[in-house]
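For reference, the structure discussed in these notes is given below.
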Amino acid sequence: MNSVELTVNTRAVKRDVEPRTSLADLMRDTLDLTGTHLGCEHGVCGACTILVDGVPTRSCITYAVACDGADVTTIEGLDDDEIATELRAAFTREHALQCGYCTPGMLVSARDLVKRLPDADEKQIRIGMSGNLCRCTGYVGIVRAVQSVITERRARDIAPEPDGGRKVLGPAGSGHKACVSSQKLMPAQPAVSEPAAAVAPLDIPDFTPSTTLEQKFTVAHAPAKVFALFDDIAAVASCLPGATLVGTPRPERVEGAIRVKIGPISANFNGAARVERDEANLSGRILGIGSDQRSRSTTQGEIRYRLVPQDDDGAATRVELSIGYSLTGMLAQVGRSGLVRDLAGRLVAEFAGNLDRRLSGDVTSAPSAAADLNGVSLILGLLRERATNVVRRLTRRGGSA
């Protein structure tokens with residue numbers, strides 16, 4: 001048995017517990033604080049979430065002995081808490097609960113978000129609440145409830161608290177004993193990008209894409225001239241928005257990065273690629289793999305191209321592209337295939353314009369350094385196109401009536 005001293009809901013508690021006793025079992029079975037619910041008991045569902053030194057903690061996978069000396073707050077300890085009171089009212093107003101089993105853990109996690117987030121950003125709320133599962137509501141009411149409380153508090157000039165007011169972190173959030181000196185929160189440091197070569201994968205394997213997009217465009221230059229430019233890897237990269245190269249490119253291995261920023265979502269995929277060419281058929285293939293450390297997402301991709309002479313004199317070339325990719329990680333969860341398809345079309349259009357200018361000898365217009373994709377202009381363009389299509393369809397219906 002081990003002796004554990006805690007402050008639970010402002011009350012000093014001392015108990016002898018088995019080393020394997022979880023914090024959830026101590027709360028429920030010993031202290032009769034049954035508002036802490038047990039669901040999966042694997043730290044997945046979030047029903048057992050409580051506060052340990054102000055930090056939301058999965059109590060079902062936290063040993064009680066690891067929290068010796070900590071300040072613990074369960075849902076019962078939030079009866080008179082201002083934020084929790086506002087959240088309970090919002091949950092009722094927005095129909096954010098049904099059976100209620102997940103609600104104690106939801107309220108604890110939501111309270112932490114209300115303290116920390118500067119505004120009611122739906123994406124950040126969904127990410128912050130992703131560790132709390134609900135099998136009844138569909139989450140829409142929960143998100144609305146959290147948004148409303150954040151909006152109302154910021155309107156009352158209640159500023160967010162950086163890090164939720166927490167000062168130290170240790171095992172499961174306990175800022176006591178040996179962990180005090182080694183787990184202090186450090187000031188945020190500017191992000192330092194690692195060189196692409198340092199994280200580029202050694203192997204560039206073949207793969208079967210999960211998604212394939214077909215694109216084509218025409219340039220007013222002969223196929224031989226276009227094919228020669230495709231042999232210049234640095235020139236091709238300079239035409240692709242967001243692309244940079246590291247070191248000297250070789251057909252068997254090209255190292256670099258592609259940076260993409262669409263609204264609030266940004267990713268910097270560092271990786272490598274290999275280039276294959278078939279001069280007889282005026283075709284080729286670029287096969288690559290990369291990863292984005294921030295979102296913990298990885299991607300494999302390939303671009304197959306074929307050059308087709310246009311006109312009788314062959315003075316123009318149709319470039320046919322087949323773009324295939326597989327994406328894993330957070331970006332795969334938030335991505336939408338329709339939006340990706342539309343954005344890919346616009347990316348290809350920008351690439352085609354840069355390629356045409358470079359073939360015409362205008363090397364100053366093509367971007368020589370990486371440039372983030374302008375997500376606002378892309379999305380506004382998509383909306384304009386879709387509005388035009390809607391008007392076109394309505395006009396046709398009116399004419400046929």
Side-chain angles (χ1 to χ4, degrees), residues 7-11 33 35-37 46-59 70-134 136-169 173-175 184-190 263-266 334 375-376 379:
T7 300
V8 180
N9 298 335
T10 70
R11 182 168 61 94
L33 297 170
T36 300
H37 291 169
C48 69
T49 304
I50 62 178
L51 297 175
V52 178
D53 287 332
V55 182
T57 303
R58 300 286 194 271
S59 60
D71 188 348
V72 176
T73 304
T74 68
I75 191 66
E76 292 90 346
L78 297 176
D79 283 349
D80 299 321
D81 180 81
E82 179 182 295
I83 299 177
T85 300
E86 294 177 16
L87 280 169
R88 285 194 294 269
F91 268 53
T92 301
R93 183 176 64 249
E94 299 294 344
H95 306 289
L97 71 157
Q98 289 185 34
C99 79
Y101 197 84
C102 69
T103 305
M106 285 281 183
L107 289 171
V108 172
S109 295
R111 178 182 177 276
D112 185 64
L113 290 180
V114 171
K115 292 182 67 175
R116 293 190 293 107
L117 294 184
D119 50 54
D121 181 83
E122 180 178 349
K123 177 176 179 289
Q124 291 300 319
I125 292 172
R126 287 187 176 274
I127 291 174
M129 298 296 294
S130 62
N132 293 77
L133 304 184
C134 175
C136 300
T137 66
Y139 303 101
V140 175
I142 295 170
V143 173
R144 280 202 305 256
V146 179
Q147 283 182 304
S148 67
V149 174
I150 293 175
T151 300
E152 291 167 3
R153 291 180 69 83
R154 301 300 173 258
R156 301 201 307 266
D157 293 327
I158 301 176
E161 298 181 36
D163 297 317
R166 61 198 69 161
K167 303 298 182 184
V168 289
L169 293 175
S174 173
K184 290 184 179 179
L185 289 178
M186 301 301 293
Q189 299 294 327
I265 303 175
S266 62
V334 301
V376 175
I379 292 173

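Pairing each heavy atom of E82 with each of I158, the nearest pair is OE2-CD1, 4.2 Å. Pairing each heavy atom of I83 with each of D81, the nearest pair is N-OD2, 3.1 Å. The nearest pair of heavy atoms linking D112 to R116 is OD2-NE, 2.8 Å. Closest approach of V146 and A110 over heavy atoms only: CG2-CB, 3.8 Å. Of all heavy-atom pairs spanning P160 and P118, the tightest one is CG-CA, 3.8 Å. V52 approaches A70 most closely through the heavy-atom pair CG1-CB, 3.9 Å.
Between the side chain of S109 and the main chain of M129, no donor-acceptor pair closer than 3.5 Å is present. Formation of a donor-acceptor pair under 3.5 Å by the D71 side chain with backbone atoms of G54 is not found in this model. Between the side chain of H37 and the backbone N or O of Y101, at least one donor-acceptor pair lies under 3.5 Å.
If you take CG on L117 and CD on Q147, they are separated by 10.5 Å, rounding to the nearest 0.5 Å. The distance from the CD1 atom of I142 to the NE2 atom of H95 is 13.5 Å, given to the nearest 0.5 Å. Annotation: the span from Q124 atom CD to I150 atom CD1 amounts to 10.0 Å, rounded to 0.5 Å. To the nearest 0.5 Å, atoms CG (L97) and SG (C134) are separated by 8.5 Å. In this structure, the separation between CZ on R111 and OG1 on T85 is 10.0 Å, given to the nearest 0.5 Å. Remark: I50 CD1 to E76 CD distance equals 10.0 Å, nearest 0.5 Å.
Residue-environment remark: CG (D119) exceeds the threshold of 12 foreign heavy atoms within 6.0 Å. The environment of R11 atom CZ is sparse: at most 12 non-hydrogen atoms of other residues, nucleotides or ligands sit within 6.0 angstrom.
Inter-residue side-chain proximity for P56 and L51 is flagged as met; some heavy-atom pair is nearer than 4.5 Å. When side chains are defined from C-beta on, M106 does not count as touching T137, because their heavy atoms never get closer than 4.5 Å. Counting heavy atoms from C-beta outward, L33 and V8 have side chains that approach closer than 4.5 Å.
For the salt bridge (Lys or Arg N to Asp or Glu O under 4.0 Å) test, no residue two or more places apart in sequence or in another chain qualifies with R58. Residues that satisfy the side chain to side chain donor-acceptor pair (under 3.5 Å) test with T73, not counting sequence neighbours, are absent from this structure.
Of the residues listed (R93, R153, E94), the one engaging S148 in a side-chain hydrogen bond (donor to acceptor under 3.5 Å, both in side chains) is R93, and it is the only one. Screening L133, N132, I125 for a side chain to side chain contact (heavy atoms under 4.5 Å, CB included) with Y139, the sole residue that qualifies is L133.
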